[in-house]
Amino acid sequence: MWSSLAGSVSPGAGWVRPCRMTLVARTVEEAACPAFEWVGCNGWVGSPSMAKPPVLTPQAEDFPRWYQDVLNKAELADNGPVRGTMVIRPYGYSIWEQMQAQVDARIKGAGASNAYFPLFIPESYLKREAEHVEGFSPELAVVTHAGGKQLEEPVVVRPTSETVIGESMSKWIQSWRDLPLLLNQWANVVRWELRPRVFLRTSEFLWQEGHTAHATESDAAGYARQILHDVYEDFMVNVLALPVVVGCKTPAERFAGATNTMTCEAMMGDGKALQMGTSHELGQNFAKAFNITYLDDTGTQQLAWTTSWGVSTRMVGGLIMGHGDDAGLRLPPRLAPIQTVVVAVRDDEAVIEQCRVIAQALEAAGVRTRLDVDTSTSMGRRVTDWEIKGVPVRLELGPRDLAAGEVTLARRDDGSRTAVPIDGVAAAVQGTLELIQSDMLTRARDARLARTVSVETVDEAVEAAAVGWATLPWDRVGPEGEAALGSHAMTVRCLVRPDGSVPDSVGETDLIAVVARSY
RNA sequence: CGGGCUGUGGCGCAGCUUGGUUAGCGCGUCGGUCUGGGGGACCGAAGGUCGUGGGUUCGAAUCCCGCCAGCCCGACCA
């Protein structure tokens, strides 16, 4: 619909700003909440004594509670009746649908095709790959009874589908001509969780899981990286406006059964990290377990090399916590299900008619538009509601605007309001949407840099990661350092090269570890 | 699984210490009037087996015991 922004995807040099430890001393409150943002956005910042109580719990007061408030008041999701499950409400689901559509298009662009594999997996399948079953068994939901009697072999509800898909791959792949086999499925999966959080960690969630088989290790490695960069990083940076750090997981943090796990990590509004998506090289582990073999062009039987990769509804949580402020959600225009809302200020025939005309013009220009002529609800209430829902641009039209031939354009991201002529408003909105998209990315990147500190020791990293992220040489950490970080509820989120690029393997020298608290 | 806590209209809470007629409050919901440029005001209404089972008592939301559910904090995960 509109051209992609100029910003390049690759982080390049200078992706982390080295700075003094003094910056670390800033409290979370100071970093997250500059001043009186809670009063609303702009306009009146009345005296605190007169101010109404904030609609949402301020982030600086209680970030988890703020998150809960946003989920409720923006009508994104409820808790389900079974602990750890969630009900995704229509507005929340429309956000997910946007993610699906735009990720799916990129997946197709990478050559993969969608298919569907069963929810139920024979328990024995999981057991075929030792590390895999060990990693997942604690969180498996297992069906032992069905059809009124006990099953001969229990079936597990899929926690991920490497095993069933591996079984199909072994049937479908005979020759080198069948490779690469590039599959994807959109599905729900179940991982029984002890500490659930809506969107971030629930016992059931929605995701996309890609599974591919290749003739050579380098083909598999290349494809896993193609997905990582061209699908995930590109989507997160250019659509979600979240400047993710992309790197390799340490062996301790690897996916169960993988030989290499690569990740996109985003910083949330409270300085914690969130794993937004992963792409795995599975080596020949699953090929061996499921006998995925092919005849090469010399007639020799060979084991295939497989990959898997996924992003989930967790990204919705990342979007909320990555961009949200004390007035609620802030959606980047390219993702927003509603990009612009046209609000009629008064119950006035001419005003409402003009609103309709404007909304039609916007739709015709390809802007996802909502018309709000619910004048029985107070203006202030409607404005607040649209802000909580994070709609990027709000057009307010009342008798005063109409008389002046103007409409008031309010930006959700920075709270600014300007009058624009009604003639040509669609073009103005389109321009503003592009501006918001790039400003949100810039703001998020600056915020992350400001809270990322380069240090030299594990102890310094512990201090720095209390409020943000720390980077330090990986050879100063090692398995022992990783354990030490764990005792402070911190982890190495990923390993990157000094220039910010993704290592070929974690065995490279001079790698940098990114340390943070995480969700 | 170990430690701390909570169950009262849709949501958030008060009441319990010291038992006493009709269980309150805020938000939300519904109706109405005035309003309307940043969660408007007023009037009226609906909505509750006080988690559950037992016990004490003339009388239990309140005291005692059991059970259940949930929340927060410590080991795994997209």
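Reckoned from all heavy atoms, side chains included, excluding hydrogens, waters and symmetry mates. We name chains A, B, ... by the order of the sequence lines, and we start the count at 1 in each one.
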Could you tell me whether [X] contacts a base, only the sugar-phosphate backbone, or nothing, with contacts defined as non-hydrogen atoms closer than 4.0 Å?
{"X": "Glu139(A)", "value": "sugar-phosphate"}
{"X": "Arg382(A)", "value": "nothing"}
{"X": "Asn72(A)", "value": "nothing"}
{"X": "Gly398(A)", "value": "base"}
{"X": "Thr263(A)", "value": "nothing"}
{"X": "Thr160(A)", "value": "nothing"}
{"X": "Pro159(A)", "value": "nothing"}
{"X": "Phe255(A)", "value": "sugar-phosphate"}

First locate atom CG of Asn184(A), then atom CG of Asn114(A), and finally report the distance between them rounded to the nearest 0.5 Å.
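CG of Asn114(A) is found 5.0 Å from CG of Asn184(A).
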
Please tell me whether Asp62(A) and Thr57(A) have a donor and an acceptor in their side chains that are separated by less than 3.5 angstrom.
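Thr57(A) and Asp62(A) do not have a side-chain donor-acceptor pair below 3.5 Å.
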
Within 45° cone and under 6.0 Å: Arg89(A) NZ/CZ vs Tyr91(A) ring:
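Judged by the rule, Arg89(A) and Tyr91(A) form no cation-pi pair.
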
Please give, in whole Å, the distance from [N] [atom2] to [X] [atom1]?
{"X": "Met379(A)", "N": "A41(B)", "atom1": "CE", "atom2": "P", "value": "17 Å"}
{"X": "Lys73(A)", "N": "C11(B)", "atom1": "NZ", "atom2": "P", "value": "14 Å"}
{"X": "Leu395(A)", "N": "G37(B)", "atom1": "CG", "atom2": "P", "value": "18 Å"}
{"X": "Leu140(A)", "N": "C76(B)", "atom1": "CG", "atom2": "P", "value": "17 Å"}
{"X": "Leu274(A)", "N": "C77(B)", "atom1": "CG", "atom2": "P", "value": "15 Å"}
{"X": "Leu485(A)", "N": "A75(B)", "atom1": "CG", "atom2": "C1'", "value": "17 Å"}

Quick check on contacts: within residues 200-212 of chain A, what sits under 4.0 Å from RNA chain B by heavy-atom distance?
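Heavy-atom contacts with RNA chain B come from Leu200(A), Arg201(A), Thr202(A), Phe205(A).
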
Counting heavy atoms from C-beta on, name the nucleotide in C77(B), G37(B), C73(B) closest to the side chain of Arg195(A).
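Looking only at heavy atoms from C-beta outward on Arg195(A), the closest nucleotide is C73(B).
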
Could you pull out all residues at least two apart from Lys127(A) that satisfy side chain to side chain donor-acceptor pair (under 3.5 Å)?
none

Does any N or O in the side chain of Arg330(A) come within less than 3.5 Å of the main-chain N or O of His323(A), such that one atom is a donor and the other an acceptor?
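Pair found, side chain donor or acceptor close to backbone of His323(A).
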
